[in-house]
**Q** 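This is the structure I want to talk about, given as structure tokens.
Naming convention: chains lettered A, B, ... in sequence-line order (proteins, then strands); numbering from 1 in each chain.
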Amino acid sequence: MREKGLGISEMAKDRLFLLLLIVPAFAVLLFTIGIPIVKSIYMSFFDVTLLRMKVQPWNDFANYAGIFKDGEFFNALRVTLTYVLCIVSIQFVLGLFLALLLNSNIRFKKLFRTLILIPWIVPTIVSALLWMWLFQPQYGLVNYVLQELNLINAPKNWLTNLDLALPAVIVTALWRQLPFMSIMLLAGMQGISEDMYEAARIDGANRTQTLLHITLPMLKNNIKTVTLISIIENFKMFPLFWIMTGGGPLDKTTTLAIYSYKTAFVQLDLGKGAAIGALWLIIMILISSLYNKLFSIGEEDESGRGKRRVKSKSVKQKIAA
Amino acid sequence: MLSQNQSNKKLLPNLGQYAGLLLFLLFLIFPLYWMLVTSFKDNSVLFKIPPEWVPSQPTITHYVKLLSDNIFLVYYKNSLVVSASTTLITLLFAMFAGYGFSRFHFKFKNFLMFSILSTQMLPVVSLLIALYAMYKSYGLLNTQFGLILALTTASLPFSIWMIKVFFDGIPVALEEAAKIDGCSRFGILFRIIFPLSKPGIFSVGIYTFILSWDDLLYSLTLINKDHLRTLNPGISVRYMGEVSYDWANIMTVCLTATVPIVILFLFFQKYMVAGLTAGAVKG
């Protein structure tokens, strides 16, 4: 009101400025995400193919009926969940282990940290091709090394074997994703005050106890974020499967991403592809809300942690005094 | 004295630590070495068992062949153009929006922030199906602009979030001082905030570049003219589905697709790790 003379108040100017700031980002997000997702759900109720996109007759939920009739959707869902569960849990355990190693007092820490991060920037398609060469049945290094170590007695057809194709893809995904996971966990660990470990040492806690009662609880938020990122990314994983197996053998590695892509852009049935996407969306919402519930169970610990933090502060003050 | 005592006690477990680290390094780094070595092997040496760990007669024929392949150079150029443009546009929009979210309080702010981030969960194929139909009617199919736009929104949500965290760390007092000195709002943004958050801008920029360089799904779907293709779909269309793979050749392609991004990473490494971890720790 003070600036009545200027025509527009400072407050209104602030509003306008804020609008100018956030509108460009929202406009593009709306155009390439907002509108498409609504349109895609809408399309899932119609008979749309890539060849005939102008006329879109309503087809009485035939897309959804078709999905539930052939068992492919449930197969794809099962493969996706198996893949996500395996890759995230293996990655988390190994990533934690690697982060603990990098957080201990070893030499050349920085060099190691840089080196292990490199696979993470290698393009996914390159990691797929590289591991296809390593898994190559006759001349691949994996078969050679495993035979030399007497772990297997005959070369395996990794990517065309019904039981080995998915594990082979998981190893490749692990190779590319482990660096990110462990660097994120390491960053969290470096944020934990040395006093806490000191106090634990004085109390006579061993390594496992320190890990379980200090490191992991303190990392909780960190763990939640990185595992959630990993779950989301792997749920969407397309290039590894598309390049390495194409969904085969016998749909053993057909994930939701592969199934919906094939339906929409290989069989050219956009309506059915959109319907698969809509079901996938519902599943994703369920999983993320479940995930939030899971992490809020241990929330009452929070107060205890607060106390501990205060304690460590007072220890610090004592030392300073 | 205490620390000396500790280091003596830790000598033995330390050996185990180095051994563990070595195993991890072997798993993470050796495949990259193998890619490098394979690309310098002649096809006659390639299929030797036991394999040649170090090529006895390194050859550069695969590189010569690859670089004389014109279409490959086109893919390469397209990838650079698309990734660089995506990075610039994402940075501009993310910096503006991130600043808005960091400095202003408004209705539905948390809700908006949350919905931006939750777009990351959407099935990409759903988006692509509708986007394909939309692009077709607007004539954006088979244009680099269309691809750049789609890739921008793929990396924008996380970029806004990361850069907001960076801006949060810059004291508001600086802006107030500038305001008193008569600096305009955009002046504050460009002359004070952006220069101060260079590390954040670098890390978001590299994150976006890596993400768009890595894309396969968008570029495979939205572009099907060979001279407009980027590297990843180019590789997948030209080298996949053959009866027998020319592995040395493929490893050469892989290496050339990896080197620019690794150089970029080693150059800006310190910013990137700081930026990514700041985002995740505070989130």
Side-chain angles (χ1 to χ4, degrees), chain A residues 17-18 21-22 24-25 28-29 32-33 36-37 39-40 43 53 98 101 104 106 112 114-116 118-119 121-126 129-131 133-134 139 141 144 175 178-179 183-184 187-188 191 222 225-226 232 236 238-239 243 257 260-261 264-265 270 273-274 277-278 280-281 284 288, chain B residues 17-18 20-21 24-25 28-29 31-32 34-35 38 47 49 51 93 96-97 99-100 104 106 116 119-127 129-131 133-134 149-150 152-153 156 160 185 210 213-214 216-217 221 232 235-236 240 247 250-251 254 257-258 261-262 265 269 273 277 280-281 283:
Chain A
F17 181 56
L18 176 63
L21 288 176
I22 61 174
V28 278
L29 284 172
T32 56
I33 294 183
I37 196 70
K39 195 177 161 72
S40 165
M43 279 165 82
M53 286 188 358
L98 181 53
L101 285 177
S104 58
I106 47 159
F112 281 131
T114 308
L115 276 177
I116 65 143
I118 292 178
I121 37 167
V122 171
T124 314
I125 184 170
V126 169
L129 288 165
L130 172 57
W131 280 89
W133 169 225
L134 292 169
Y139 313 107
L141 212 56
Y144 175 74
W175 179 77
L178 185 65
I183 290 297
M184 287 303 209
N222 225 293
T225 315
V226 278
I232 290 170
K236 294 195 293 192
F238 175 79
I243 301 291
S260 55
Y261 184 83
F265 294 104
L270 290 185
W280 175 352
L281 187 63
M284 217 53 232
S288 64
Chain B
Q17 280 168 356
Y18 284 112
L21 212 52
F24 274 112
L25 275 181
L28 293 172
I29 300 303
L32 289 170
W34 202 236
M35 176 162 84
T38 306
F47 301 123
I49 294 277
F93 287 0
F96 277 3
Y99 183 71
F104 291 92
F106 50 93
I116 286 182
T119 58
Q120 295 296 76
M121 283 195 304
L122 300 176
V124 186
V125 178
S126 299
L127 296 177
I129 289 170
L131 212 55
M134 285 165 66
L149 202 64
T152 299
T153 34
L156 198 53
I160 293 176
R185 287 181 176 78
I210 290 178
W213 189 267
D214 192 35
L216 173 67
L217 198 45
T221 318
N232 289 341
I235 294 173
S236 92
M240 301 309 300
W247 284 112
I250 291 179
M251 289 301 110
C254 285
T258 311
I261 205 111
V262 170
F265 164 74
Q269 206 238 117
V273 175
T277 49
V281 172

**Q** Could you have a look at B:Val262, B:Leu122, B:Ile160 and say which one has the most heavy-atom pairs with chain A under 4.5 angstrom?
**A**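 Looking at each of B:Val262, B:Leu122, B:Ile160 in turn, B:Leu122 comes out on top.
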**Q** Where does A:Ile121 contact chain B at under 4.5 Å (heavy atoms): side chain, backbone, both or neither?
**A** both
**Q** Any idea which of B:Ile250, B:Val124, B:Leu32 has the most non-hydrogen atom pairs under 4.5 angstrom with chain A?
**A** B:Leu32
**Q** Between A:Trp133 and B:Trp247, what is the ring plane arrangement, given parallel below 30°, perpendicular above 60°, and tilted in between?
**A**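 Geometry flag for B:Trp247 against A:Trp133: parallel rings.
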**Q** Please identify, among A:Ile118, A:Ile116, A:Val28, A:Leu115, the residue contributing the most non-hydrogen atom pairs under 4.5 Å to chain B.
**A**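 Top count of heavy-atom pairs under 4.5 Å with chain B: A:Val28.
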**Q** Do you know which of A:Thr124, A:Leu98, A:Leu281 has the most heavy-atom pairs under 4.5 Å to chain B?
**A**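 That would be A:Leu98.
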**Q** Not counting sequence neighbours, which residues clear side-chain hydrogen bond (donor to acceptor under 3.5 Å, both in side chains) with A:Tyr261? List them please.
**A**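 Checked A:Tyr261 against side-chain hydrogen bond (donor to acceptor under 3.5 Å, both in side chains); zero matches.
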**Q** Report the option among A:Leu134, A:Ile232, A:Ile33, A:Val122 that has the most heavy-atom pairs separated by less than 4.5 Å from atoms of chain B.
**A** A:Ile33
**Q** Under a 4.5 Å heavy-atom cut-off, does chain A meet the side chain of B:Phe47, its backbone, both or neither?
**A** both
**Q** Distance from A:Ile22 atom CD1 to B:Ile116 atom CD1, nearest 0.5 Å?
**A** 8.0 Å
**Q** For residues A:Trp280 and B:Ser126, determine if any side-chain heavy atom of one lies less than 4.5 Å from a side-chain heavy atom of the other.
**A**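 When only atoms from C-beta onward are counted, B:Ser126 and A:Trp280 do not touch, as no gap falls below 4.5 Å.
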**Q** Quick one: are A:Phe17 and B:Phe104 in side-chain contact, heavy atoms under 4.5 Å?
**A**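 Yes. Closest side-chain heavy atoms under 4.5 Å.
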**Q** Tell me, side chain or backbone of A:Ile37 under 4.5 Å from chain B's heavy atoms, or both, or neither?
**A** both
**Q** Look up atom OG1 in B:Thr152 and atom CZ in B:Phe93, then write down how far apart they are to the nearest 0.5 Å.
**A** 7.5 Å
**Q** Chain A: which of B:Ile29, B:Ile210, B:Leu217, B:Leu25 shares the most heavy-atom pairs with it under 4.5 Å?
**A** B:Leu217
**Q** How close do B:Ile261 and B:Ala257 get, counting heavy atoms only, and between which atoms?
**A** CG2-O, 4.4 Å
**Q** Between B:Met251 and chain A, which part of the residue has a heavy atom less than 4.5 Å away: side chain, backbone, both or neither?
**A**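 Side chain of B:Met251 only, per the 4.5 Å heavy-atom cut-off to chain A.
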**Q** Evaluate the criterion side-chain contact (heavy atoms from CB on, under 4.5 Å) for residue pair A:Thr225 and A:Met184; output intermediate values, then yes/no.
**A** CA-CA 9 Å; A:Thr225 315; A:Met184 287 303 209; over 6 Å; no
**Q** Top residue by heavy-atom pair count (under 4.5 Å) with chain B, among A:Ala257, A:Ala274, A:Gly277?
**A** A:Gly277
**Q** When only pairs under 4.5 Å are counted, which of B:Pro123, B:Ala130, B:Ala150 shares the most heavy-atom pairs with chain A?
**A** B:Pro123
**Q** At a 4.5 Å cut-off on heavy atoms, which part of B:Leu21 comes close to chain A: side chain, backbone, both, or neither?
**A**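 The answer is both parts of B:Leu21.
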**Q** Counting heavy-atom pairs under 4.5 Å to chain A, which of B:Thr38, B:Ile129, B:Leu216, B:Leu156 comes out on top?
**A**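 It is B:Ile129.
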**Q** Applying side-chain contact (heavy atoms from CB on, under 4.5 Å) to A:Ile243 and B:Ser236, what does each step give before you reach the verdict?
**A** CA-CA 7 Å; A:Ile243 301 291; B:Ser236 92; 3.6 Å; yes
